[in-house]
Structures are given as C-alpha cells and as structure tokens.
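Because the structure is predicted, anything quoted here is derived from the model rather than measured. All residue numbers in this chain count up from 1 along the given sequence.
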Amino acid sequence: MLNYYAVHAQKYYTSVYDALSALRVCTSSRGWTDYYFGQYMLFSHRINLYGSSSFPDKLHTHDFFEMDIFYGGQVSYVMADHEVIPGKGGILLIPPGTIHTGRLMERSEFDRMVFYFEPRAFSFLGRSGLPPLFQKTSASYLVIHESARAAYCYLTQKIESLCAQADNSTGLLGFSYIIQLLHLIGTQAQIDHEHLATLPSNVLEIKRYIDENFQAISSTSDISDHFFYSREYISRMFKQYFNTNISEYITHKRIDAAKEALEAGQTVTQAFNASGYRSMSSFINTFRSVTSMPPSHYRREIIKGK
C-alpha cells in the first residue's frame, strides 16, 4: 500500500488531505476519492462512464488484497485463468500476486466499491484473526447469503456515509466497520460458479508461454514463431482479453520478478538478472517508470518495512 500511495501521489492525486485522525483523503484525477485508513487499508467508491478508448484498466498484480463490490456496468473481470461477469452486489476477492484486469464489454457506467488492504493491517488480531476466506491464494467470486444481505447493505452504506462526512472520528469508526464487513463476507458469503468461465485454451497457452519465458522473449515474433500464428493475430487476441499489449505485459512480468527478488532480500544486481533485461540502465529506468522509484530505493523501503 505504501508503494501504491507513492505512485498515485506522483501521477494521479490532485489533492491530499491527511490532517484527520487515522484517515488520509486523496482526490484522484481519475474521478474518485481514495480514503486511507492508516497505512495498509484503502476504501473508494468509484463510478466512471467508460468507452473503449477511455477504459484504463490493464492486466496487473499488486502486493495487497483487492476486494471489489460490483454495482453496475458492462464489465467483466479476468482473474488468473478465468473470466467473471459479475451481478449486482457480487464480490470479487483478489489475493496478493493474482494477475487480473477489468474488461469493458460495451460503453457503460462502471460502478463499484473498492477495498485494498494488506494482511498486516490486522496483525494485532494474530494469525487466526481473519476468516479463512482471506487466507486463500486464489481469486474468488462471491455472493452474500440471503439472510445476511441486510447487514451487508447496512455496513457498505455506513462506510460510505462515514467517508462522506470525513471528520476526526471517521478513521477509527470506518476501520471498525470494514472489519465487520470482512467478517460478514468471510462467514456469510459463498462462491458463485455460475458467473465464472474459463478463458479460451489458445489464450491461456499464449499467456502461459509468456509467463514461463518472459526473460528470454525479445519480441512478439518469438511467440508467433512458437505457435505458428501471425503476430497480428496473437497481439489482437491478447489485447482483447487482457487490456494490454504483449510488450507491456512482458515489462510487467520482468519488473514483478525484480520486485520479488528485492523483497526476498536479494541485491539490485540479482534483481536485474531475475528480470531478464540485458542492460542495467534499461532495467533501472523501466523499474523507476513502473514503481516511481529506482530498485535501490525500493529495496531500502522493503527492508525498512520489515
């Protein structure tokens, strides 16, 4: 979450107000407000009208949980090897490290509540403090049991109304309501398989090949030669499902590999080797562009946070 804030403060936040107790309020140029409860939890209600040229989401991962409550829009979610077309009130739970993106099916108003949180936000509860649902490593699409829907609606509305008033009591009260909401979802939600579909096998094969060979792939031609597809066909199909082009995805994989190496205590040189870049200067410049800090700074921040 600290890195998420650093990137967004540099690129997207037009104002930041953090004089309130345990609450930081950040207005984004993307049309919504992010509320940070302490250092490791964020809430935002995001409503945006998107067309094909303005939809911003791309295939990505992050090092915190993402929980989305869907309210409207012609949008599907691609999570790992599956695609979900959510219904109103449905919940997407995406653990750290899970690759995912939204996919706009047609021009529409995309309406969802977003919660980001790191497990250490709840470290004071001990290892068993969070329900087992939030200890999973795979993404889930969930619906609330009918008997708990009133409580579910009450908690989401209470969180939003508290943030709208944003006074010195909001941080503590909001945090407590979010804990109640997570507990309710963890105990009263069930996995909904009806809205879940597996991605086409040829799409998965291409993605899997890139995942296994991103360090060595130099261009889309390497992939098209392997599969005997044209470069245009591969590029178009990959973009259709993952909202990103192949070169961007390879960059994402390389920087993620470098971040994992740094987070494991390895040196910048070892992270460079893990990334697959051939030039140290290209590696450092790309790392800084993606994370808003050079790898040496990222490594210091990781060490400091442990």
Nearest non-hydrogen partners of [X] and [Y], listed with the distance:
X    : Y    : value
M293 : F287 : O-CD2, 3.2 Å
S219 : I217 : O-CG2, 3.4 Å
D81  : L204 : OD1-CD2, 3.6 Å
F37  : T170 : CE2-O, 3.6 Å
G102 : V75  : CA-CG1, 4.4 Å
L181 : M67  : CD2-CE, 4.2 Å

Please determine whether ring-ring contact (aromatic ring centres under 6.0 Å, His included) holds for the pair F117 and F122, giving the CA-CA distance in whole Å, both sets of side-chain angles, and the decisive distance to 0.1 Å.
CA-CA 9 Å; F117 56 92; F122 312 99; 5.7 Å; yes
May I ask you to establish whether [X] and [Y] are in a cation-pi arrangement, using a distance under 6.0 Å from NZ or CZ to the six-membered ring centre and at most 45° from the ring axis?
X    : Y    : answer
R112 : F70  : no
R107 : F55  : no
R103 : Y241 : yes
R254 : Y277 : yes

Decide yes or no for [X] and [Y]: does some side-chain heavy atom of the first lie under 4.5 Å from some side-chain heavy atom of the second?
X    : Y    : answer
F238 : T244 : yes
R24  : Y17  : no
L162 : F43  : no
D34  : R46  : yes
V25  : D18  : no
I284 : R288 : yes
Y71  : I47  : no
I159 : F115 : yes

With hydrophobic residues grouped by side-chain heavy-atom distances under 4.5 Å, do [X] and [Y] end up in a single group?
X    : Y    : value
W32  : V16  : no
V84  : L93  : no
L182 : L42  : no
I94  : L142 : no

Test item: [X] side-chain N/O and [Y] main-chain N/O as donor-acceptor pair under 3.5 Å:
X    : Y    : answer
S282 : R278 : no
T286 : F283 : no
N245 : E248 : yes

Please determine, by modelled atom types, if [X] and [Y] share a side-chain donor-acceptor pair under 3.5 angstrom.
X    : Y    : answer
E263 : Y298 : yes
E66  : H62  : yes
H45  : D111 : yes
S235 : K239 : no
S281 : S279 : yes
Q188 : H183 : no
S147 : H145 : yes
Y249 : D211 : yes

Is D225 salt-bridged to R231, cutoff N-O under 4.0 Å?
no
Using the rule given for side-chain hydrogen bond (donor to acceptor under 3.5 Å, both in side chains), can you reason through D222 versus Y209, listing the C-alpha separation, both sets of side-chain angles and the distance that settles it, and then say yes or no?
CA-CA 11 Å; D222 294 343; Y209 179 77; over 6 Å; no
Mark yes when over 12 heavy atoms from residues, nucleotides or ligands other than [X] sit less than 6.0 Å from its [atom1]; otherwise mark no.
X    : atom1 : answer
E146 : CD    : no
H60  : NE2   : yes
E194 : CD    : no

Starting from the C-alpha separation in whole Å, work towards a yes-or-no answer on side chain to side chain contact (heavy atoms under 4.5 Å, CB included) for H195 and V143.
CA-CA 11 Å; H195 290 78; V143 291; 5.8 Å; no
Give me the ring orientation class for [X] and [Y]: parallel if the planes are under 30° apart, tilted from 30 to 60°, perpendicular past 60°.
X    : Y    : answer
Y229 : F227 : parallel
Y36  : Y13  : perpendicular
F64  : Y116 : tilted

